[in-house]
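All remarks here apply to the structure that follows.
Numbered from 1 within each chain, the chains take letters A, B, ... in sequence-line order.
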2 protein chains.
Amino acid sequence: MALDHAILVSLTERAASGYDLARRFDASIGYFWPASHQQIYKVLARMQEAGWVESTLQEQDGRPDKKTYAITPDGAAELDRWAAQPTEREALRSDFAVKLRAFRDARTVLADTRARRAAHAERLAEYEASEARFYPDPSALDGPDLGSWLALRGGILGERQGIAWCDEILTALEARGSR
Amino acid sequence: MALDHAILVSLTERAASGYDLARRFDASIGYFWPASHQQIYKVLARMQEAGWVESTLQEQDGRPDKKTYAITPDGAAELDRWAAQPTEREALRSDFAVKLRAFRDARTVLADTRARRAAHAERLAEYEASEARFYPDPSALDGPDLGSWLALRGGILGERQGIAWCDEILTALEARGSR
DNA sequence: TAACTCATGTAATTGGTTACATGATTCG
DNA sequence: CGAATCATGTAACCAATTACATGAGTTA
């Protein structure tokens with residue numbers, strides 16, 4: 001049920017509609033917890049039922065009405081309760097690792113690995129650009145900004161690790177290819 | 001539907017019962033695709049229906065009967081088909097990163113991070129022990145063994161990255177704590 | 001004129017988790 | 001005597017994905 005908390009975190013930063021949240025989840029917090037607009041609308045409805053968020057309807061002309069959600073004191077309390085609990089290790093499920101164990105033909109693995117490396121490099125560039133823009137002086141950070149920066153650092157290290165793994169695979173396969 | 005393929009990979013290595021597979025998934029391939037025995041039995045039934053695996057019943061005395069599953073030619077073909085397809089990037093969902101963004105109190109994050117670091121170190125030690133025992137001479141590897149080693153390398157790099165992230169967090173928080 | 005943005009959803013399905021069930025045998 | 005191991009499952013539930021739906025306004 002952590003999408004609940006990801007949405008609460010996002011609403012703490014600023015009130016938003018389901019649509020706004022869906023766009024935020026295309027980047028930012030969505031890098032660590034992806035979610036579709038359908039899923040977000042469902043969770044918002046459930047959380048409103050539970051009293052963790054409240055909505056105000058804004059009529060707009062020329063475009064659809066908008067429901068803006070804000071976090072309630074109960075929602076903030078729930079977020080605190082959740083944040084104080086220890087996090088259990090998240091299960092990793094890697095299609096790619098399973099595919100490596102199914103290894104038969106070097107060519108398909110090579111192509112796959114190169115594509116994967118490129119995707120990691122692209123994401124890494126985004127993260128590094130964000131870091132340079134929003135956190136130019138990390139030692140000055142404190143509170144929620146510090147947390148956001150540390151989360152981003154995790155993303156950066158993760159992408160670098162992904163690239164390093166791809167490079168090991170490419171090196172191993174290329175060494176064998178030329179033998 | 002990648003549990004299907006993870007099971008097929010495991011059955012390619014050796015025929016097994018649901019129970020055997022469940023134990024294998026507690027280690028080995030389960031490090032990259034965790035699965036419970038319930039889920040495994042369900043998928044085995046579905047794959048038998050589809051003709052990807054076949055089972056033979058073995059009666060045993062003093063203990064329950066055992067259904068041993070083996071991969072069929074159709075199953076092997078399906079595995080090849082799947083392995084030849086490009087892998088799309090797996091979505092990462094990190095409770096811990098979301099929790100960092102919810103950062104309020106340094107003490108709980110510290111405790112959480114230390115526990116997390118210890119879990120990573122433990123898993124890393126297992127991986128490194130496996131590497132030393134089963135792949136003492138990586139340059140000699142080929143075929144499926146090469147794939148398995150490369151998968152394990154990914155695990156090792158992942159745990160090291162996890163530790164490095166925890167260390168960055170601890171450094172940042174401790175620097176602030178003593179200020 | 002076709003595609004994209006803004007805005008909100010419902011319905012069906014899949015994959016996985018949690019809880020429950022049974023029953024003999026062996027180990028501490 | 002209680003816990004763990006061997007062995008197979010069913011049932012209920014939950015989170016997420018995919019497909020479908022509507023409709024005005026803007027941009028290429």
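The distance between atom CG of A:Leu44 and atom P of D:dA15, rounded to the nearest whole Å, is 14 Å. The separation between B:Ile40 atom CD1 and D:dT10 atom P is 15 Å, rounded to whole Å. When the P atom of C:dG9 is taken as reference, atom CG of A:Asp20 falls 13 Å away, rounded to whole Å. Distance B:Lys66 NZ to D:dC6 P: 9 Å, rounded to the nearest Å. At whole-Å resolution of the value, CD in A:Gln58 and P in C:dT8 are 10 Å apart. Computed from coordinates, the B:Asp26 CG to D:dA7 C1' distance equals 15 Å when rounded to whole Å. If you take CD1 of B:Ile7 and P of C:dG15, they are 12 Å apart, rounded to a whole angstrom. In this structure, B:Glu90 atom CD and C:dG16 atom P are separated by 13 Å, rounded to whole Å.
A:Arg101 and B:Ser28 share a side-chain donor-acceptor pair at under 3.5 Å.
A salt bridge between B:Glu90 and A:Lys99 is absent, with no side-chain N of the basic residue lying under 4.0 Å from a carboxylate O of the acidic one. Under a 4.0 Å N-O distance rule, the pair A:Arg114/A:Glu174 qualifies as a salt bridge.
When atom types are taken as modelled, the side chain of A:Lys66 and the backbone of A:Gly18 share no donor-acceptor pair closer than 3.5 angstrom.
Nearer to the 5' terminus of DNA chain D, by closest-nucleotide assignment, is the contact made by B:Gly18 (compared with the other of B:Gly18 and A:Asp4). Along DNA chain C, the nucleotide nearest to B:Ser36 and the one nearest to A:Asp65 differ in position, and the one closer to the 5' end is contacted by A:Asp65. For the pair B:Ala91 and B:Thr68, both in contact range of DNA chain D, the more 5′-proximal nearest nucleotide belongs to B:Thr68.
Distances shown here put a side-chain N or O of B:Trp33 below 4.0 Å from the OP1 or OP2 atom of C:dG16. Note on B:Ser17: a side-chain N or O is less than 4.0 Å away from OP1 or OP2 of D:dT8. At C:dG9, none of the side-chain N or O atoms of A:Tyr41 fall inside 4.0 Å of OP1 or OP2 (strictly under the cut-off). Within the structure, every side-chain polar atom (N or O) of A:Tyr19 is placed at least 4.0 Å from both OP1 and OP2 of C:dT8. Contact check, A:Arg23 against C:dT5: no side-chain N or O comes under 4.0 Å of OP1 or OP2. A close approach under 4.0 Å does occur between a side-chain nitrogen or oxygen of A:Arg93 and OP1 or OP2 of C:dT17.
Taking only side-chain atoms of B:His37, from C-beta outward, the nucleotide of C:dG9, C:dA7, D:dG9 with the closest atom is D:dG9. In the set D:dC6, D:dT17, C:dT8, the nucleotide with an atom closest to the side chain of A:Gln39 is D:dT17.
B:Gln38 comes within 4.0 angstrom of a base, heavy atoms only. As judged by a 4.0 angstrom heavy-atom cut-off over every strand, B:Lys42 is placed among the base-contacting residues.
In B:Glu13, the CD atom is crowded: over 12 heavy atoms of neighbouring residues, nucleotides or ligands sit closer than 6.0 Å.
How far CD of B:Gln85 is from CG of A:Asp95: 10.0 Å, rounded to the nearest 0.5 Å.
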